[in-house]
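Notes follow once the structure below has been shown.
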Amino acid sequence: MSLLIHNSLSGKKEEFVPLVPGTVSMYVCGITAYDYSHIGHARAYVAFDVIYRYLKYRGYDVTYVRNFTDIDDKIIKRANESGRDTRDLSEEFIQKYHEDMDALGILRPNVEPKATETIGEMIDLISRLFEKGYAYKAGDDVAFSVKKFSGYGKLSGKKIDELESGARVEVDDKKQDPFDFILWKAAKPGEPAWESPWGKGRPGWHIECSAMSGSILGDTIDIHGGGKDLIFPHHENEIAQSEAATGKPFVRYFIHNGFVNIDSEKMSKSTGKFFTVRDIRNQYHPEVIRVFLLSVHYRSPVDFSEKNLRDSGEALNRLYSTKARIFETESNAAENRQGGSAPKEIEDAVSAFTEGFAEAMDDDFNTALALGKLFDLSHLFNRFLDGQKDVPENERVSLVAAWETISGALDVLGILSRDPDTYFSEVKGLRLTDSALDAGDIERLIAERNAARKAKDFARADSIREELTEKGVILEDGPDGTTWKMK
RNA sequence: GGCGGCAUCGCCAAGUGGUAAGGCAAAGGUCUGCAAAACCUUUAUCCCCGGUUCAAAUCCGGGUGCCGCCUCCA
């Protein structure tokens with residue numbers, strides 16, 4: 001069975017064949033570190049996290065690189081506003097980025113290069129472009145001549161002539177062509193600068209990715225990813241620089257993720273419709289955020305809304321409830337019972353899931369479908385478990401081993417790895433922060449209610465239930481007492 | 001103006017030409033002192049109009065609507 005990946009270069013799904021069998025080189029554009037990460041970043045990096053995990057799950061030896069842009073106009077501007085050093089500022093937001101991404105369960109890539117630590121490689125690359133006639137001095141800056149590179153536009157489908165007739169073209173007399181872009185920017189007084197053959201300055205934005213990916217992963221990489229908005233001009237320019245310099249194909253498969261929308265429109269700071277990962281994390285469990293993000297195919301837009309997050313939360317609760325029930329069977333199963341295999345229907349269900357999961361993921365990382373398969377499995381477990389109620393305790397079966405055979409697949413999605421109790425109490429904690437209640441109050445009311453129930457004072461018991469329901473607390477009376485959760 | 005994407009049940013969403021996954025919500029039932037959870041049952045012919053085909057949500061053409069890129073952006 002082969003893995004299909006939608007390649008932006010062709011606009012089609014293609015069979016994935018890495019350059020070197022068994023290994024994958026993957027580069028994903030990281031952030032410019034000058035502000036908190038937003039939910040759009042979360043979407044992109046969760047998407048590529050799952051891609052990374054799945055490639056490993058499939059047995060590839062993956063080298064994953066994701067960079068940090070730690071020097072650029074926005075960083076300088078922001079640093080100046082607060083009278084800070086650009087380095088301090090970028091380091092702070094790199095750290096905050098790591099906190100946010102770690103919380104979302106996003107694995108750290110193998111290498112996270114920073115632009116400021118790759119200046120030498122960038123200068124080398126620009127020098128090669130000069131030698132080959134693609135770079136030229138544009139005033140004090142250095143620019144890349146787009147017209148010299150015949151493949152320009154092959155990713156975005158844009159033609160230089162058509163671009164020029166477009167409405168918004170930046171006027172810059174120093175450039176030979178409006179779409180030429182800056183490789184090296186001359187330093188202005190007070191700006192951070194590095195020595196170069198073209199005078200003191202700093203790199204243009206596009207050159208860093210070419211330099212980092214080339215120096216770490218080689219001239220041709222298997223996968224290059226980023227948000228759809230990077231297709232033009234960023235990735236188009238990267239291709240131009242890298243291929244002009246090496247004469248080799250830069251990227252075999254370009255993967256681009258869709259946006260996070262709010263009210264069906266692209267989230268953006270200017271409209272004020274904007275959410276940071278940090279704010280969202282205070283309200284929703286990180287796994288809920290993952291489920292939300294993974295319930296839509298990575299290339300489609302996903303609409304961020306409270307309702308959608310809540311729905312995802314309910315869905316995850318259901319999955320964790322199943323997991324909890326499965327783990328309870330461990331203690332219910334008689335100790336002297338022969339361990340070993342789960343009932344055939346469960347084994348069949350588990351292997352059907354494993355197959356279905358791989359099929360879904362092989363089809364351009366269809367996480368939404370994969371999630372659907374997981375619900376089917378959960379359904380089957382629950383049905384079996386309900387049947388077990390009629391079985392004498394010493395004959396009940398432990399299903400834990402069967403569940404654990406799917407842990408590899410769950411790890412790819414990055415969900416359901418927590419102990420269910422831990423998960424539910426973490427969720428409770430988040431909801432509680434939002435309300436005026438604390439766990440102690442709730443426990444006290446539950447105790448009071450149970451005393452009333454014992455005394456058959458059901459009126460009193462019901463009024464306590466009602467009181468808690470109004471506050472969003474749901475009680476569940478089980479054989480081992482009463483548990484509660486937040487709605 | 002150029003290029004690209006999308007339109008599937010109340011909401012979210014998958015869907016590889018053969019007759020519509022899944023989640024949320026809702027309704028009825030089992031269970032429960034009452035509930036909750038779980039289980040069982042119920043709910044779509046896929047924006048419109050043409051065409052190709054034995055057969056189309058899936059392919060082609062034409063509409064309509066929404067969105068994105070072309071400017072820093074995941």
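Everything quoted here is computed from the prediction, not taken from an experiment. We name chains A, B, ... by the order of the sequence lines, and we start the count at 1 in each one.
Comparing atom distances between the A:H38 side chain and each of B:C34, B:A74, B:G2 picks out B:A74 as nearest. Minimum atom distance to the side chain of A:D477 is reached by B:C34, of the listed B:C11, B:C34, B:C69. Side chain of A:R449, nearest nucleotide from B:A74, B:A13, B:C34: B:C34. Among the nucleotides B:C24, B:C34, B:C67, the one closest to the side chain of A:R453 is B:C34. Nearest nucleotide to the A:R465 side chain, out of B:C67, B:C69, B:C34: B:C34. Side-chain proximity of A:D376 to B:G22, B:G33, B:C11: nearest is B:G22. Checking B:A74, B:C69, B:A21 against the side-chain heavy atoms of A:L369 singles out B:A21 as nearest.
Heavy atoms of A:F375 sit under 4.0 angstrom from primed sugar atoms or phosphate atoms, though from no base atom. Within the 4.0 angstrom heavy-atom criterion, no nucleotide atom of any strand lies near A:D363. As judged by a 4.0 angstrom heavy-atom cut-off over every strand, A:G40 is placed among the base-contacting residues. Counting non-hydrogen atoms under 4.0 angstrom, A:F259 reaches a base of the nucleic acid. A:K307 comes within 4.0 angstrom of a nucleotide base, judged by non-hydrogen atoms across all strands. Within 4.0 Å of A:N366, counting heavy atoms only, lie sugar-phosphate atoms of the nucleic acid but no base atom. Nucleic acid contact class of A:L230 (heavy atoms, under 4.0 Å, all strands): sugar-phosphate only. No engagement by A:G478 is indicated, since no non-hydrogen atom pair under 4.0 Å with the nucleic acid exists. Residue A:V260 is classed as a base contact, given a heavy-atom separation below 4.0 Å to a base.
Distance NE2 (A:H6) to P (B:C6): 9 Å, rounded to an integer number of Å. Put simply, CG on A:L413 is 15 Å from P on B:A14, counting in whole angstrom units. Across the protein-nucleic acid pair, A:N317 atom CG and B:A36 atom C1' stand 13 Å apart, rounded to whole Å. Between A:K12 atom NZ and B:C59 atom P the separation is 14 Å, expressed in whole Å. The CD1 atom of A:I160 sits 14 Å away from the C1' atom of B:G2 (whole-angstrom rounding). Whole-Å rounding puts the A:K74 NZ to B:C72 C1' distance at 4 Å. The interatomic distance linking A:I474 (CD1) with B:A36 (C1') rounds to 7 Å, in whole Å. The interatomic distance linking A:L371 (CG) with B:C24 (P) rounds to 11 Å, in whole Å.
At a threshold of 4.0 Å, the pair A:D141-A:K175 does not count as salt-bridged, since none of the basic side-chain nitrogens sits closer than that to a carboxylate oxygen. By the 4.0 Å N-to-carboxylate-O rule, A:D477 lies close enough to A:R453 to be salt-bridged with it. Ionic pairing of A:E236 and A:K154 is not present here: no N-O contact between side-chain nitrogen and carboxylate oxygen is shorter than 4.0 angstrom. Salt bridge status for A:R449 with A:D462: absent, with no side-chain N to carboxylate O gap under 4.0 Å. Of the charged side-chain nitrogens involved, none lies within less than 4.0 Å of a carboxylate oxygen, so that A:R318 and A:E314 do not count as a salt-bridged pair. A salt bridge links A:R202 to A:D73: at least one charged side-chain nitrogen sits closer than 4.0 Å to a carboxylate oxygen.
Pairing of B:A44, defined by two Watson-Crick or G-U wobble distances under 3.5 Å, is not identified with any nucleotide. Using the Watson-Crick or G-U wobble rule with both distances under 3.5 Å, B:G1 pairs with B:C70. The partner of B:C31 cannot be assigned: no Watson-Crick or G-U wobble pair with both contacts below 3.5 Å exists in any strand. Of the nucleotides present, none pairs with B:U52 by Watson-Crick or G-U wobble criteria with both distances under 3.5 Å. Using Watson-Crick or G-U wobble geometry with both donor-acceptor distances under 3.5 Å, B:A57 finds no partner in any strand shown. For B:A7, the paired nucleotide is B:U64, the pair qualifying as Watson-Crick or G-U wobble because both relevant distances are below 3.5 Å. When Watson-Crick and G-U wobble pairs are counted only if both distances are under 3.5 Å, B:U16 pairs with no nucleotide at all.
Separation of the P atoms belonging to B:G61 and B:C6 is 14 Å when rounded to the nearest angstrom. With C1' as the reference atom, B:A57 and B:A7 are 11 Å apart, rounded to whole Å. Comparing B:U58 with B:C9, their P atoms sit 15 Å apart, to the nearest whole Å. Atom name C1', nucleotides B:U19 and B:A44: the rounded distance is 14 Å, in whole Å. Atom C1' of B:G4 sits at a distance of 29 Å from the matching atom of B:G22, rounded to the whole Å. With P as the reference atom, B:G50 and B:C12 are 28 Å apart, rounded to whole Å. B:G63 sits 14 Å from B:C3 when the P atoms are compared, rounded to a whole Å. The P atoms of B:C40 and B:C31 are separated by 16 Å, rounded to the nearest whole Å.
At a cut-off of 3.5 angstrom, the base of B:G5 holds no donor-acceptor pair with the side chain of A:R299. With hydrogens and angles ignored, a donor-acceptor pair under 3.5 angstrom links the side chain of A:D462 to the base of B:G33.
By the 30° and 60° cut-offs, the orientation of the rings of A:F353 relative to A:F357 is tilted.
Contact annotation: A:N261 does not reach the phosphate of B:C67 (side-chain N/O to OP1 or OP2, under 4.0 Å).
Judged by the 6.0 Å distance and 45° axis criteria, A:K147 is not positioned over the aromatic ring of A:Y152. Geometrically, A:K96 engages A:F93 in a cation-pi contact, judged by NZ or CZ lying under 6.0 Å from the ring centre and within 45° of the ring axis. Under a cutoff of 6.0 Å and an axis angle of 45°, A:K428 and A:F424 do not form a cation-pi pair.
With the nearest nucleotide of RNA chain B identified for both A:D311 and A:S300, A:S300 has the one nearer the 5' end.
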task: Encode nucleotides 38-46 of chain B as B, S and - characters from 5' to 3', where the letter depends on protein heavy atoms closer than 4.0 Å: B to the base, S only to sugar-phosphate, - to neither.
output: BSS------

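Between A:H256 and A:H235, the ring center distance clears the sub-6.0 Å criterion.
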